[in-house]
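Below, each value reflects all heavy atoms present in this structure, side chains not excepted, and no hydrogens, waters or symmetry copies. For clarity, every value in this text was computed on a predicted model and none was experimentally measured. Below, read A as the first sequence line, B as the second, and so on, with proteins coming before strands; counting in each chain starts at 1.
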2 protein chains.
Amino acid sequence: MDTDPTRERILDAAEELFYARGIQGVGMDVIRDASGVTLRRLYQFFPSKGDLVEAYLARRDARWLDSLVAHVETSADTPEERIPAVFDWLESWFARPDYRGCAFVNSFGELGGTSPQVAAAARRHKEAFHAYLRGLATSAGATEDVGAQIALLAEGAMTTAAISGTPSASRQAKQAARLLLTLDTHRTRTPTGARTAG
Amino acid sequence: MDTDPTRERILDAAEELFYARGIQGVGMDVIRDASGVTLRRLYQFFPSKGDLVEAYLARRDARWLDSLVAHVETSADTPEERIPAVFDWLESWFARPDYRGCAFVNSFGELGGTSPQVAAAARRHKEAFHAYLRGLATSAGATEDVGAQIALLAEGAMTTAAISGTPSASRQAKQAARLLLTLDTHRTRTPTGARTAG
DNA sequence: GTTCGGTGAGAACGATCGTTCTCAGCGGCA
DNA sequence: TGCCGCTGAGAACGATCGTTCTCACCGAAC
C-alpha cells in the first residue's frame, strides 16, 4: 500500500512546517515533536532530510493539482467557465490565514540554487500546472499562447497575494484572464486588429 | 558619505552569494572570503547577519527599480511604449546566465515566514514596483486596474522564467500586457462590450 | 620612545542541526 | 524460560554557523 499512516503523519507535519517556516527553518527534531513519531522511525521512512523534502514536494504537487482539477470539474459546466473557476479556486486558497505563496516557488527560492532535486521538482510542478491551463484554454477555443499568458497571471497572483497579504490579486487576474480568453476565442468573428503580435 | 568602499565590497559579495545560493545557504565566512574583508571589519559594518541581509535587500531594491526606470525613460519616447519597454528590460534580465528569479520573492519564500523584516522588505519592494506600473498605465491612458493586471503578468514572468530556465515568458507577458493596455486605452472609442467586470 | 587605538589572521566559543548510537523494555516464538 | 528483533526515549556525535576573543602588529600622537 502506498499510504502508511505513520508516513502520512510525518508528511503532514513536514508539509505544514516546511510551508510555514521554510525548509531550512525546520529541524528534524521539530518534525519529530509535531508528528509524534520518534526520530528513529522518522529516519526509517526517510533516510535523510533531503528525502523527506522530496516526498513533501511530490505529495504536495499531486494533491495541489488534484484539488484544482476537482474544483474546476465540479464547478464549471462549460469550457469557457473553467479558467475563471481556476481563479476562484486560487482566491479561496489566498484567503486562508496560513497562505504563504506557492510552496514550489518558495522552495525554489530557498534551495533551487543549491539543490538540483528541488529545482527539478519546481520545474515539473510548474510545467504541469501551465500545461493544464494551456489545455483549458485550447478546449475553450483559444490558443495555447493565451493559456500561457493566463498561467503568468496565475503565477503573478500567487506571489502578489502572498507578499501583499491580501487575496485581491485573484480578482484582477481573473478579469484579465477572462478578457484575454474571450478576445482570443472570438478572434475569428470580431477581427479588431488589436491582437497583432509584438 | 553613503558609499564606503569596503561596505560596498561586502554588499557586492553578499548580493551575489545570497542571490545565487539563498540567504541561509551562505555563511559569514563565505562572505569574508568572497569580499576579502576580514570577519572583524565585516561585523563592524554589519553587527549581525540580519543587518547585512536588510542592507542587501535595501540596496537591491533601490538599484533594481532605478535600473528599470532608467531603461524605460531612455528607450521609450511615448507613454504607450513604456510598458512594453518594461518587458524588454525584464527579458534582458531573464537572459542573464545567473538569473534566478526575483530576489525579494526568493527571500520572502525562504525567510518571510520567520523574519518580519524580510517580509516587510519584500512587501515594500513589490508595492513600489506595482505602483510604478500602475503609474505607467494611467499615464498611457489606461486604468489603475490594468496597471495592476500588468504587474501580475510581470510577476508571473519573473518566476516562470526562473523556474523554467528560459526567458520566453517575457514575450508572452509583453503581448498580453500590450493587449490589455491598448484595449483599455481605446475603451471610450471602441466600446465592444468585452470589458465588463467579472 | 612609548602608549594607544585600530588592524589582520585565525582560533575559539556556543548554539543549532542532521544523523547515529545507547540502553532498557517488550512481544513473539521455540 | 530464554532468546531475538524491534521499539521509544533521548543522549551523543560531528559538522556547520553566527559571533567573539586572542594576539601580535602597525601607525599616529605626545
[X] side chain N/O closer than 4.0 Å to the phosphate oxygens (OP1, OP2) of [N]?
{"X": "B:Q24", "N": "D:dT16", "value": "no"}
{"X": "B:Q44", "N": "C:dG6", "value": "no"}
{"X": "B:R41", "N": "C:dT7", "value": "yes"}

Value rounded to 0.5 Å, distance of CD in A:E91 from CZ in A:R96: 14.5 Å
First encountered from the 5' end of DNA chain C, between B:R32 and A:S48: B:R32
Touch class at under 4.0 angstrom, heavy-atom based, for A:V37 against every strand present: nothing
Sugar-phosphate, base or nothing in reach of A:V30, heavy atoms under 4.0 Å: nothing
Between [atom2] of [N] and [atom1] of [X], the distance in whole Å:
{"X": "B:D33", "N": "D:dG18", "atom1": "CG", "atom2": "P", "result": "13 Å"}
{"X": "B:K49", "N": "D:dG18", "atom1": "NZ", "atom2": "C1'", "result": "8 Å"}
{"X": "B:D51", "N": "D:dG18", "atom1": "CG", "atom2": "C1'", "result": "13 Å"}
{"X": "A:R9", "N": "D:dG8", "atom1": "CZ", "atom2": "C1'", "result": "13 Å"}
{"X": "A:L42", "N": "D:dG8", "atom1": "CG", "atom2": "C1'", "result": "13 Å"}
{"X": "B:L52", "N": "D:dG18", "atom1": "CG", "atom2": "C1'", "result": "12 Å"}
{"X": "A:L39", "N": "D:dC13", "atom1": "CG", "atom2": "P", "result": "16 Å"}
{"X": "A:D29", "N": "C:dT16", "atom1": "CG", "atom2": "P", "result": "10 Å"}

Pairing of A:K174 and A:D88 as salt bridge, 4.0 angstrom limit: yes
Ion pair check, B:E127 and B:R134, cut-off under 4.0 Å: yes
Closest nucleotide among C:dG8, C:dT19, D:dT19 to the B:Y43 side chain: D:dT19
Donor-acceptor pair between B:D4 and B:T6 side chains, under 3.5 angstrom: yes
Hydrophobic cluster membership, A:F108 vs B:W93, 4.5 Å side-chain cutoff: no
Base C:dT22 paired with A:R40 side chain (donor-acceptor, <3.5 Å): yes
